[in-house]
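A short write-up of the structure that comes next.
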Amino acid sequence: MTAVIGDVVTAVLVLSAALMCLAAGVGLLRFPDVLSRLHAATKPQIFGLIAVTVDVAVNNFTLGTVTLSVAIVAFQALTAPMAAHLIARVAHDTDRFRPELLVVDELGRANRRGDRGA
């Protein structure tokens, strides 16, 4: 009975991760500009990674595995938004976005004022 529950949990987590990866891929293909694609490239990827690492931690429940899974998720959750932010800034600075899709262009205002920050 326990093995069946473990298999069901694994199936749910792996299928969830696969759906997140599929959603990210569809978003990358369908969204119109770099700024929109960043949304698709970061959020589903993090949720998919969390599902896979939880599955690995549940199936191999040791202190080392759980610690490594938590570290992987933590570092990915820290670095993915920063990388997306840097890509968005470069896309904005090189005009590789569609300004008509923005509700508010705060970076453009900051650039015009000259206080871009670091």
Side-chain angles (χ1 to χ4, degrees):
M1 186 66 178
T2 305
V4 173
I5 293 172
D7 289 343
V8 169
V9 169
T10 295
V12 168
L13 289 171
V14 170
L15 284 174
S16 299
L19 287 175
M20 291 293 117
C21 291
L22 178 67
V26 170
L28 286 174
L29 291 175
R30 297 286 300 167
F31 286 163
D33 66 341
V34 174
L35 301 180
S36 301
R37 289 179 185 147
L38 284 175
H39 174 77
T42 54
K43 287 182 179 143
Q45 183 260 341
I46 292 289
F47 290 132
L49 178 71
I50 289 172
V52 168
T53 54
V54 166
D55 182 49
V56 169
V58 166
N59 284 319
N60 188 11
F61 193 74
T62 61
L63 179 64
T65 304
V66 172
T67 303
L68 184 61
S69 297
V70 169
I72 289 170
V73 170
F75 285 117
Q76 188 67 37
L78 287 174
T79 57
M82 287 188 259
H85 177 80
L86 291 174
I87 291 170
R89 268 194 109 119
V90 169
H92 190 279
D93 289 346
T94 58
D95 291 330
R96 296 190 187 270
F97 69 106
R98 293 174 56 185
E100 67 271 12
L101 296 177
L102 295 178
V103 176
V104 177
D105 188 9
E106 293 179 356
L107 187 57
R109 278 193 238 152
N111 285 344
R112 285 187 291 276
R113 285 194 318 253
D115 61 345
R116 292 189 52 194

Given the rule that I, L, V, M, F, W and Y join up when any side-chain heavy atoms are under 4.5 Å apart, are [X] and [Y] in one cluster?
| X | Y | answer |
| --- | --- | --- |
| Leu29 | Leu38 | no |
| Ile5 | Val58 | yes |
| Ile46 | Val54 | yes |
| Leu22 | Met20 | no |

*asked:* Any heavy-atom pair between the side chains of Thr10 and Asn59 that's under 4.5 Å?
replied: yes
*Quick one: does Leu102's side chain get under 4.5 Å of Leu35's, heavy atoms only?*
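SC-SC contact between Leu102 and Leu35 confirmed.
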Minimum-distance pair of heavy atoms, taken over all atoms of [X] and [Y]:
| X | Y | value |
| --- | --- | --- |
| Pro81 | Ala77 | CD-O, 3.0 Å |
| Ala17 | Val52 | CB-CG2, 3.4 Å |
| Ala40 | Ala24 | O-CB, 3.3 Å |
| Thr42 | Ala80 | CG2-O, 4.0 Å |

*With sequence neighbours left out, what residues match Phe97 under ring-ring contact (aromatic ring centres under 6.0 Å, His included)?*
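Scan of Phe97 (ring-ring contact (aromatic ring centres under 6.0 Å, His included), adjacent residues dropped) gives His92.
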To the nearest 0.5 Å, tell me how far [X] [atom1] sits from [Y] [atom2].
| X | Y | atom1 | atom2 | answer |
| --- | --- | --- | --- | --- |
| Thr53 | Leu68 | OG1 | CG | 9.5 Å |
| Asn60 | Thr65 | CG | OG1 | 3.5 Å |
| Arg37 | Ile87 | CZ | CD1 | 12.5 Å |
| Ile50 | Gln76 | CD1 | CD | 9.5 Å |
| Glu100 | Asp33 | CD | CG | 8.0 Å |

*Mark yes when over 12 heavy atoms from residues, nucleotides or ligands other than Leu78 sit less than 6.0 Å from its CG; otherwise mark no.*
yes
